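These notes are about the structure you will find just below.
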2 protein chains.
Amino acid sequence: MLNYSTSEENYIKAIFHLQGEATTVTTNGLAHELSTKPASVTDMMKKLKTKKLLHYRPYRGFHLSQEGKKVALGIIRRHRLWEYFLSEKLQFTWDEVHEVAEQLEHVSSKKLIDKLDEFLGFPRFDPHGDPIPDRHGRILSSRQICITELSLNKTAIVCNVSDQSSEILELLKHKNINIGTKLEVKKKFDFDNSMEISAASRGKIRQPQLFTISEQLAKNIFVTSTLTPLRVEEGKKNI
Amino acid sequence: MLNYSTSEENYIKAIFHLQGEATTVTTNGLAHELSTKPASVTDMMKKLKTKKLLHYRPYRGFHLSQEGKKVALGIIRRHRLWEYFLSEKLQFTWDEVHEVAEQLEHVSSKKLIDKLDEFLGFPRFDPHGDPIPDRHGRILSSRQICITELSLNKTAIVCNVSDQSSEILELLKHKNINIGTKLEVKKKFDFDNSMEISAASRGKIRQPQLFTISEQLAKNIFVTSTLTPLRVEEGKKNI
DNA sequence: AAATATTTTTAGACAAAACTAAAAGATTGT
DNA sequence: ACAATCTTTTAGTTTTGTCTAAAAATATTT
Ligand SMILES: [Mn+2]
Ligand SMILES: [Mn+2]
Ligand SMILES: [Mn+2]
Ligand SMILES: [Mn+2]
């Protein structure tokens with residue numbers, strides 16, 4: 001596998017995150033995601049096209065090629081392993097890991113990452129609950145859904161919080177909600193889309209508590225059903 | 001402390017390594033050290049001068065300012081802590097750590113490095129026996145000397161091997177010599193400058209063995225006297 | 001189907017970091 | 001002292017990645 005510049009890698013990763021299943025990504029969308037200008041995106045798309053990392057027809061948008069996805073998964077693997085390391089070994093908090101991992105992910109050494117993976121005990125989820133691709137680019141899909149979509153009285157486990165600001169961290173800490181917390185939605189109020197949930201922190205043998213969650217907060221909490229088994233999602237062709 | 005580009009950092013570090021106590025470094029010398037061209041060095045020296053990291057008079061050479069030395073020691077700290085991490089935690093061999101550390105050293109996060117230092121147990125020497133500056137830029141001098149300069153029958157400890165090729169590693173492994181090995185020079189032969197040494201591997205309770213060392217090999221082995229106490233060498237003004 | 005608005009691409013410029021070739025400064029040998 | 005040599009700097013390009021402004025293509029309204 002060839003090496004790519006930090007800039008190229010950031011574009012590849014951003015395209016991967018924007019393109020869901022087979023959607024095509026737009027110039028403006030990517031420019032916005034990367035806080036850059038559309039003209040810069042067009043330049044880079046031409047370059048990545050000649051490197052066969054994506055399919056691109058002028059004015060028609062673009063999406064990653066099979067090779068491009070493989071590269072993206074490699075970058076995501078590095079990013080999430082470093083986040084796990086920072087959180088688990090260096091006691092970084094949840095909201096501090098991303099910024100540093102953004103730098104560490106660009107250090108290119110296959111051996112470094114595979115040894116780090118081993119050292120960490122082959123973790124499968126990063127501190128935000130996102131799955132970590134394995135050394136072959138295989139990634140588990142935790143079939144995440146937002147709690148706004150969760151049916152009433154169905155038990156689920158918090159696996160992701162999309163907004164990673166310290167403000168949300170503070171709020172969740174206060175309500176005793178964490179990655180791994182089991183919860184159920186007990187009631188939904190149509191007036192302001194707030195909801196009442198019962199939650200029991202992982203490991204603690206304690207009576208589940210009732211909390212009210214605002215619409216803004218609910219939109220940022222993602223859960224995975226306790227029943228859904230994990231399935232392989234990306235890199236299927238490479239198993 | 002400001003942030004510097006990877007390129008600037010590599011220049012600063014190279015100047016630090018070239019300038020001994022108060023020597024002035026030359027354009028050609030630095031160009032050679034960095035495998036670049038003299039013209040590129042001149043350009044960068046102008047830039048680093050405006051940033052007050054070095055003293056530079058055209059045609060007269062340059063040396064790091066107090067601030068420049070502080071920056072250099074920060075880079076060296078990061079480099080050597082990562083080397084220790086790779087060797088100690090990820091089981092990298094001696095000769096593999098440098099190349100990866102060369103990339104990791106440019107990740108700029110004070111917290112990352114201080115937490116890493118703590119996680120590693122505040123190690124004082126990297127896998128090559130070079131001292132690691134502490135968080136204030138203080139560094140221990142191990143007063144290293146080459147075994148070619150060691151007097152006969154004086155016990156010393158291997159603390160550094162300047163050539164880090166896998167060839168020398170293989171040779172030393174075969175002769176059972178490592179960082180930490182106690183040795184004495186028993187005889188020197190003027191004909192080919194080879195020498196006979198007795199060495200006992202660290203930790204192992206075993207009869208010291210006699211080995212013949214060629215001049216080329218001897219030149220690359222550095223030791224520290226078992227009696228010399230460590231002293232603070234750099235960053236004296238900042239304690 | 002035009003007219004209008006939006007999105008995307010092109011053209012031209014710039015900064016960082018490198019290079020080559022030529023000019024200028026410093027050093028050395030006679 | 002001065003010519004020859006070596007070192008260093010300057011001038012002018014190159015590559016990568018960014019930007020602004022203008023032009024072209026596509027999408028939306030009327
Ligand atoms: Mn992240
Ligand atoms: Mn990044
Ligand atoms: Mn090194
Ligand atoms: Mn470096």
Side-chain angles (χ1 to χ4, degrees), chain A residues 2-20 23-64 68 71-72 75 102-103 105-108, chain B residues 2-16 18-19 23-64 68 71-72 75 102-103 105-108:
Chain A
L2 273 128
N3 268 347
Y4 301 99
S5 74
T6 292
S7 201
E8 289 170 328
E9 288 189 344
N10 285 336
Y11 276 95
I12 294 165
K13 197 173 57 144
I15 297 170
F16 185 91
H17 283 135
L18 287 179
Q19 81 183 43
T23 326
T24 166
V25 179
T26 66
T27 303
N28 271 355
L30 185 52
H32 183 257
E33 173 82 8
L34 287 168
S35 306
T36 184
K37 295 281 147 31
S40 309
V41 170
T42 301
D43 285 349
M44 185 59 88
M45 292 312 97
K46 284 188 201 156
K47 193 162 111 178
L48 295 181
K49 186 190 171 143
T50 70
K51 295 196 177 184
K52 305 218 186 261
L53 293 175
L54 47 77
H55 302 289
Y56 165 54
R57 283 175 46 225
Y59 296 101
R60 291 275 106 118
F62 35 82
H63 60 271
L64 293 177
V71 173
I75 302 162
E102 205 54 48
Q103 291 186 65
E105 72 185 1
H106 302 292
V107 173
S108 65
Chain B
L2 274 127
N3 269 346
Y4 300 98
S5 73
T6 292
S7 199
E8 289 170 328
E9 288 189 344
N10 284 337
Y11 275 95
I12 294 164
K13 198 173 57 146
I15 297 169
F16 185 91
L18 286 179
Q19 80 183 44
T23 326
T24 167
V25 179
T26 66
T27 302
N28 271 355
L30 185 52
H32 183 258
E33 173 81 9
L34 288 168
S35 306
T36 185
K37 295 283 146 39
S40 309
V41 170
T42 300
D43 285 349
M44 185 59 89
M45 292 310 99
K46 283 187 202 156
K47 194 162 107 175
L48 295 181
K49 186 190 171 145
T50 70
K51 296 197 178 185
K52 305 219 186 257
L53 294 174
L54 47 77
H55 302 289
Y56 165 53
R57 282 175 47 224
Y59 297 102
R60 291 276 106 118
F62 35 82
H63 60 272
L64 293 177
V71 172
I75 303 162
E102 205 54 48
Q103 290 186 66
E105 72 184 2
H106 302 291
V107 174
S108 65

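Any value given below was found using the heavy atoms of this structure, including those in side chains, with hydrogens, waters and symmetry copies removed. What you are looking at is a predicted structure, and each value in this text was computed from that prediction instead of being measured.
Within the nucleic acid shown, A:P38 comes within 4.0 Å of at least one base atom, counting heavy atoms only. B:S7 comes within contact range of the sugar-phosphate backbone alone, with a heavy-atom separation under 4.0 Å but no base atom that close. B:Y56 comes within contact range of the sugar-phosphate backbone alone, with a heavy-atom separation under 4.0 Å but no base atom that close. B:T42 comes within 4.0 angstrom of a base, heavy atoms only.
Side-chain N/O atoms of A:K46 include none lying less than 4.0 angstrom from OP1 or OP2 on C:dT9. Residue B:T27 places at least one side-chain N or O under 4.0 Å from the OP1 or OP2 atom of D:dT9. Contact annotation: A:Y11 does not reach the phosphate of D:dT16 (side-chain N/O to OP1 or OP2, under 4.0 Å).
Straight-line distance from the CD atom of A:E8 to the P atom of D:dT18: 10 Å, rounded to whole Å. When the P atom of C:dA16 is taken as reference, atom CD of B:E9 falls 16 Å away, rounded to whole Å. Separating the NE2 atom of B:H32 from the C1' atom of D:dT7 is a distance of 15 Å, rounded to the nearest angstrom.
Judged purely by atom type and a 3.5 angstrom limit, B:T24 uses its side chain to pair as donor or acceptor with the backbone of B:F62.
The nearest heavy atom of DNA chain D to A:R60 and to A:T6 marks one nucleotide each, and the one closer to the 5' end goes with A:T6.
For the pair A:F16 and A:V25, the minimum side-chain heavy-atom distance is 4.5 Å or more.
Salt-bridge check for A:K13 with A:E102: passed, with a basic side-chain N closer than 4.0 Å to an acidic carboxylate O.
Residue A:L54 forms a side-chain contact (heavy atoms from CB on, under 4.5 Å) with just one option from A:K49, A:H63, A:Q19, and that option is A:K49.
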Please write out the pairs of protein N or O atoms and N or O atoms of nucleotides 19-24 of chain D separated by less than 3.5 Å, giving the distance to one decimal.
unit_1 : atom_1 : unit_2 : atom_2 : d
D:dC19 : OP2    : A:T36  : OG1    : 2.7
D:dC19 : OP2    : A:K37  : N      : 3.3
D:dC19 : OP2    : A:S40  : OG     : 2.7

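To the nearest 0.5 Å, atom NE2 of residue B:H106 and atom OH of residue B:Y4 are 15.0 Å apart. With rounding to the nearest 0.5 Å, the separation of OG1 in A:T26 from CG in A:L30 is 8.0 Å. How far CD1 of B:I15 is from CG of B:N10: 11.0 Å, rounded to the nearest 0.5 Å.
In this structure, of D:dT7, D:dT10, C:dA18, it is D:dT7 that holds the atom nearest to the side chain of B:N28.
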